[in-house]
Number of protein chains: 2
Amino acid sequence: MTYSIKEVAEKTNLSIYTLRFYDKQGLLPFVSRNASGYRTFTEGDLHLLKTICCLKETGMKIADIRQYITYVMAGPRSIPQRQALLREHRQAIEVQQAAIQTNLKEIDRKLALYDAPNATHLVNQELAFVQHEKRANGLPNPFVLS
Amino acid sequence: MTYSIKEVAEKTNLSIYTLRFYDKQGLLPFVSRNASGYRTFTEGDLHLLKTICCLKETGMKIADIRQYITYVMAGPRSIPQRQALLREHRQAIEVQQAAIQTNLKEIDRKLALYDAPNATHLVNQELAFVQHEKRANGLPNPFVLS
DNA sequence: ATAAACCCTAGACCTAACTCTAGGGCAACC
DNA sequence: GGTTGCCCTAGAGTTAGGTCTAGGGTTTAT
């Protein structure tokens, strides 16, 4: 079973444009063309494409994905390089995840503040503090005076 | 204590350019100017700026951050809107995190494959399968013949 | 009172990652 | 045999988020 570019677009949630763009960027050297020059994807191609999506969705840049694909095309000799690349990327993802966790905590703190029964009072206090700070430093008050 | 744009840039790891860009985008309406027209950040401003970074780093778009800041400038009356916005964003982050976890598992599967003692054999098998698929469908073999 | 080190704005420029258009070929039906 | 719906390429255009330049004011130390 093989797939046309349209079918692959539907299967992957990438647009046809994006698939062609990826090919232009050297991400799809493994995709063969039929006699009319049409891209023809096999099951194995879909598998590798899924790996590409996986790397893209975790924030890898196209240039680095191309490097990985180049290694894949070179056969088993490039396994060490593939490992190095993926391990480094894995590290980057972990850093990224940790940062998000920290930020998420901060957002939850804000949400808790807004959820408090005396939220209005607390927000007013903050506002008063900031306005006081401005006044104390001879700065204009940028807040809307309701 | 107040801070110049340069000091804030150093404290936040945003460039001076980015800070001015954010101001242009309406993210910093709370920052006052001194008599010479210089931006003058107070402690409270830094606090709110940190919230902005928090939202940015979790992938919120500038337009949405601007919306949040607009709510903040409007005072306590906008608490429900702020909650709605942050809750929606929180949801988005969770979705994003879940996707990353899924992809991370996939990457770990790849790494495990490459770590296997018979990695070369397994990779060769995959390669053979893909090449067979191409041949079976009358397609050219795109792989480098070493 | 001048040099060095800041600050400002407007607007041009850049980069990544698409997204679309124009112009043209192939394939299947009516 | 013509219309419809695919496919192709090259290359222009778009979007988001910066980054930089030019031209000019301010502040501080010498």
Side-chain angles (χ1 to χ4, degrees), chain A residues 2-29 31-42 45 49 52-69 89 92 96 99 103 137-140 142, chain B residues 1-29 31-42 45 49 52-69 89 92 96 99 137-140 142:
Chain A
T2 62
Y3 304 92
S4 71
I5 195 169
K6 192 190 185 197
E7 289 165 334
V8 174
E10 281 158 5
K11 271 178 178 292
T12 57
N13 283 321
L14 299 174
S15 73
I16 290 181
Y17 296 141
T18 300
L19 284 167
R20 288 206 268 245
F21 169 68
Y22 283 177
D23 198 2
K24 245 191 260 189
Q25 294 299 306
L27 265 47
L28 311 180
V31 175
S32 296
R33 306 296 184 104
N34 69 13
S36 311
Y38 291 15
R39 290 173 188 84
T40 304
F41 293 73
T42 61
D45 292 345
L49 180 53
I52 290 172
C53 290
C54 193
L55 296 175
K56 189 206 66 166
E57 280 163 28
T58 48
M60 190 183 281
K61 298 207 166 167
I62 284 182
D64 290 345
I65 300 177
R66 175 169 48 230
Q67 181 63 74
Y68 178 73
I69 294 297
H89 183 55
Q96 183 190 332
N103 288 320
N137 288 289
L139 297 169
Chain B
M1 192 52 188
T2 63
Y3 305 93
S4 72
I5 194 169
K6 192 189 184 199
E7 289 165 335
V8 174
E10 281 157 6
K11 272 177 177 293
T12 57
N13 283 320
L14 298 174
S15 73
I16 290 181
Y17 297 141
T18 301
L19 284 167
R20 289 206 267 246
F21 170 69
Y22 283 178
D23 198 3
K24 243 190 260 189
Q25 294 299 306
L27 265 46
L28 311 180
V31 176
S32 298
R33 305 297 183 104
N34 69 14
S36 310
Y38 290 15
R39 291 173 187 85
T40 304
F41 293 74
T42 61
D45 292 346
L49 180 53
I52 290 172
C53 289
C54 193
L55 296 174
K56 188 206 67 168
E57 281 162 29
T58 48
M60 190 184 279
K61 297 206 168 170
I62 284 182
D64 290 345
I65 301 178
R66 175 169 46 230
Q67 182 64 75
Y68 178 73
I69 294 297
H89 183 55
Q96 184 191 330
N137 288 288
L139 298 169

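Every chain is numbered from 1, with letters handed out A, B, ... down the list of sequences. From a predicted model like this one, the values you see are computed outputs, not experimental measurements.
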Taking atom [atom2] of [N] as reference, at what distance in whole Å does atom [atom1] of [X] sit?
{"X": "A:L55", "N": "C:dA16", "atom1": "CG", "atom2": "P", "value": "18 Å"}
{"X": "A:N34", "N": "C:dC26", "atom1": "CG", "atom2": "P", "value": "11 Å"}
{"X": "A:R33", "N": "C:dC26", "atom1": "CZ", "atom2": "P", "value": "14 Å"}
{"X": "B:R39", "N": "C:dC6", "atom1": "CZ", "atom2": "P", "value": "17 Å"}
{"X": "A:R66", "N": "C:dC18", "atom1": "CZ", "atom2": "P", "value": "13 Å"}
{"X": "B:Y38", "N": "C:dA5", "atom1": "OH", "atom2": "P", "value": "15 Å"}

Could you walk me through whether B:T18 and B:T12 pass side chain to side chain contact (heavy atoms under 4.5 Å, CB included), step by step?
CA-CA 11 Å; B:T18 301; B:T12 57; over 6 Å; no
Non-neighbouring partners of B:S36 that pass side-chain hydrogen bond (donor to acceptor under 3.5 Å, both in side chains), sequence neighbours left out
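With neighbours one apart ignored, the set is empty.
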Can you list the residues that meet the side-chain hydrogen bond (donor to acceptor under 3.5 Å, both in side chains) rule with A:Y22, with sequence neighbours excluded?
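Not a single residue meets the side-chain hydrogen bond (donor to acceptor under 3.5 Å, both in side chains) criterion with A:Y22.
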Show the numbers, then the answer: is there a side chain to side chain contact (heavy atoms under 4.5 Å, CB included) between A:L14 and A:K56?
CA-CA 11 Å; A:L14 299 174; A:K56 189 206 66 166; 3.8 Å; yes
What closest approach, in Å, do A:I69 and A:G26 show between heavy atoms, and which atom pair accounts for it?
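Between these two residues, the closest heavy atoms are CG2-O, 4.4 Å.
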Heavy atoms within less than 4.0 Å of DNA chain D: which residues of residues 16-26 of chain A have one? Give them sorted by number.
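Listed by number, they are A:I16, A:R20, A:K24.
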Spatial distance of atom [atom1] ([X]) from atom [atom2] ([Y]) [nearest 0.5 Å]:
{"X": "A:L28", "Y": "A:I52", "atom1": "CG", "atom2": "CD1", "value": "5.0 Å"}
{"X": "B:Q96", "Y": "B:H89", "atom1": "CD", "atom2": "NE2", "value": "7.5 Å"}
{"X": "B:R66", "Y": "B:L55", "atom1": "CZ", "atom2": "CG", "value": "13.5 Å"}

Please tell me if A:S15 has a side-chain N or O lying less than 4.0 Å from either OP1 or OP2 of C:dC18.
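Negative; the distance criterion is not met.
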Distance under 4.0 Å to a non-hydrogen atom of chain B counts as contact; along DNA chain D, which nucleotides mark the start and end?
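So the contact region on DNA chain D extends D:dG17 to D:dT27.
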Reading DNA chain D from 5' onward, which residue's closest nucleotide shows up sooner: B:G59 or A:E7?
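Nearer the 5' end of the strand: A:E7.
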Please determine whether a side-chain nitrogen of the Lys or Arg among B:R33 and B:D23 lies less than 4.0 Å from a carboxylate oxygen of the Asp or Glu.
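Looking at B:D23 together with B:R33, the answer is yes, because their closest N to O distance falls below 4.0 Å.
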Report the residues that fulfil side chain to side chain contact (heavy atoms under 4.5 Å, CB included) with A:F21, sequence neighbours left out, ordered by chain and then residue number.
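Result, side chain to side chain contact (heavy atoms under 4.5 Å, CB included) vs A:F21: A:Q25, A:I62.
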How sharply is the helix from C:dA1-D:dT30 to C:dC30-D:dG1 bent, taking the axes over five pairs at either end and rounding to 10 degrees?
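Comparing the first five pairs with the last five, the axes sit 10° apart.
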I need the single residue from B:I16, B:V31, B:T40 that forms a side-chain contact (heavy atoms from CB on, under 4.5 Å) with B:I5. Which is it?
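The single option meeting the side-chain contact (heavy atoms from CB on, under 4.5 Å) with B:I5 is B:I16.
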